[in-house]
Every structure is written in structure tokens, then in C-alpha cells.
Amino acid sequence: RKEVEQDPGPFNVPEGATVAFNCTYSNSASQSFFWYRQDCRKEPKLLMSVYSSGNEDGRFTAQLNRASQYISLLIRDSKLSDSATYLCVVWESYTGTASKLTFGTGTRLQVTL
Amino acid sequence: DVKVTQSSRYLVKRTGEKVFLECVQDMDHENMFWYRQDPGLGLRLIYFSYDVKMKEKGDIPEGYSVSREKKERFSLILESASTNQTSMYLCASGGQEIYGYTFGSGTRLTVV
């Protein structure tokens, strides 16, 4: 089983639509969670952290369910500029002193007119 | 803004060559990472370092080594490049975990 699993998509949605991405992770000891956005041929950039209580940043809402080991990202009122690949990312302890980020393979979103 | 700078955007090397990929960050971060990204496989961790002269193997360290002599610089070394190391290489740095990592713009390496 992959450590972080996402539906690869693509999700093709019209402008103005609401779209949701889901992600599951296998390590119950994982400590922190993030969504990154990656545009074509560019590096990943942090979109938002995911908190246990859920958090919102404008049109974006992230949720975490630790019991089910499940993370979600909701995008409301999609814009053309939201077209990108969205990476689910999990921070976990690797050794006693070190930790690392593990990335899902990403979900591709294409917003159309 | 944190800046992570990778020395080359594109590189073409021959099989068997020794290849150095350099990464420099300007935010005094303890943690630095090297990932490679391939279609369908996502980002995979090669090596990381949480302090000067410290290094840890990631998920796919075979064929690679690293060097961290100074806090701001983390180098990835391909001892003898092979065609299956053709990939996009991404360096990242991070401090406190709640802020995630910042990536460099990547080096697209082609081994011929």
C-alpha cells in the first residue's frame, strides 16, 4: 500500500464549480499534513497546512480526519487559474531526530470555460 | 521569502559521468532534501539532511550520495550517471514543520 494515496484524476470542471480532492495516508503516527500545488513544469508550492479542526483560506477548505487517516481539499468557485496538480503531503518522523515529507502522486485539476 | 536556488535548470550528461547538483537556501533552515519526480511516480525522497554533515537515506538512495559541509548548501552527487537517472530533481529546505518546505525550481537532468 502506498504511504499517501490520491486519485490521479484528471478532474475536468467548469469555471465556478466546486471540486473536492481526497487523500488517505497509511502511517497513523503522521504528525502534520499539507496540500501543495504544482503547475506544469514548475516546482511544488505550499498551498495550505491542514489542521485537525479544519481550516479555510478563501475559496479553499482543508479537512483532516485522523481516525480514518483521510485528508480532503475543497475548492469553491473554481477559476481557470486553479488548473494545476494538487499534492497531498504528510509529515512524519523518520528517525529519532529526523522527519520527512511524503508526497502523494497528485491529483490533476483542469478548469474549463 | 525563502529562496532555494538550484544551480542548473537543465543538464545533459553522458552515461558514466559524475554529476553534481547543487542547492543553496538563504533562510538558515536545518532541514534540506533531495527528491526526484517522475511521471506517475510522484516525488520520491533520495536523501535528506537535518544538520551540517548529517545525512539520512530516503526511499531511493541507490546510485546517489550527498554532501552538506555548510548549513546553506546541500549537494546531490550521481557517482556514475545512468540513463535511469534521467529525471527532474528537486531540492527543498524547511525549518519548523508547520511551515512545510520550500522547493527550488528543479533541475531537469537527461543522461544519454
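A note on names: the letters A, B, ... follow the listed sequences, proteins ahead of strands, and every chain is numbered from 1.
- Taken together through direct or relayed side-chain contacts under 4.5 Å among Ile, Leu, Val, Met, Phe, Trp and Tyr, Ile75(A) and Leu64(A) form part of one hydrophobic cluster.
- Heavy-atom distances place no part of Arg44(B) under 4.5 Å from chain A, backbone and side chain included.
- Here the OH atom belonging to Tyr101(B) is positioned 8.0 Å from the OH atom belonging to Tyr36(A), to the nearest 0.5 angstrom.
- The hydrophobic clustering, which links ILVMFWY residues whose side-chain heavy atoms are closer than 4.5 Å, places Ile46(B) and Val111(B) together.
- Taking the six-membered ring wherever Trp is involved, the centroid distance between the rings of Phe33(B) and Phe103(A) does not fall below 6.0 Å.
- Residues Gln37(B) and Gln38(A) meet the side-chain proximity criterion, which asks for heavy atoms closer than 4.5 Å.
- Pairing each heavy atom of Pro44(A) with each of Leu90(B), the nearest pair is CD-CD1, 4.0 Å.
- Val19(A) and Leu74(A) are assigned to two separate hydrophobic clusters, defined by single-linkage of ILVMFWY side chains at heavy-atom distances under 4.5 Å.
- The candidate with the highest count of non-hydrogen atom pairs below 4.5 Å against chain B, out of Thr85(A), Val4(A), Leu101(A), is Leu101(A).
- Contact detail for Arg41(A) and Arg9(B): the closest heavy-atom pair is O-NH2, 3.2 Å.
- In terms of hydrophobic clustering, with Ile, Leu, Val, Met, Phe, Trp and Tyr side chains grouped at heavy-atom distances under 4.5 Å, Tyr47(B) and Leu45(B) are assigned to different clusters.
- Looking at Val4(B) and Glu43(A), their side chains never come closer than 4.5 Å, going by heavy atoms from C-beta outward.
- The neighbour count for Arg108(A) CZ, taken as heavy atoms of other residues, nucleotides or ligands under 6.0 Å away, does not exceed 12.
- The environment of Lys71(B) atom NZ is dense: over 12 non-hydrogen atoms of other residues, nucleotides or ligands sit within 6.0 angstrom.
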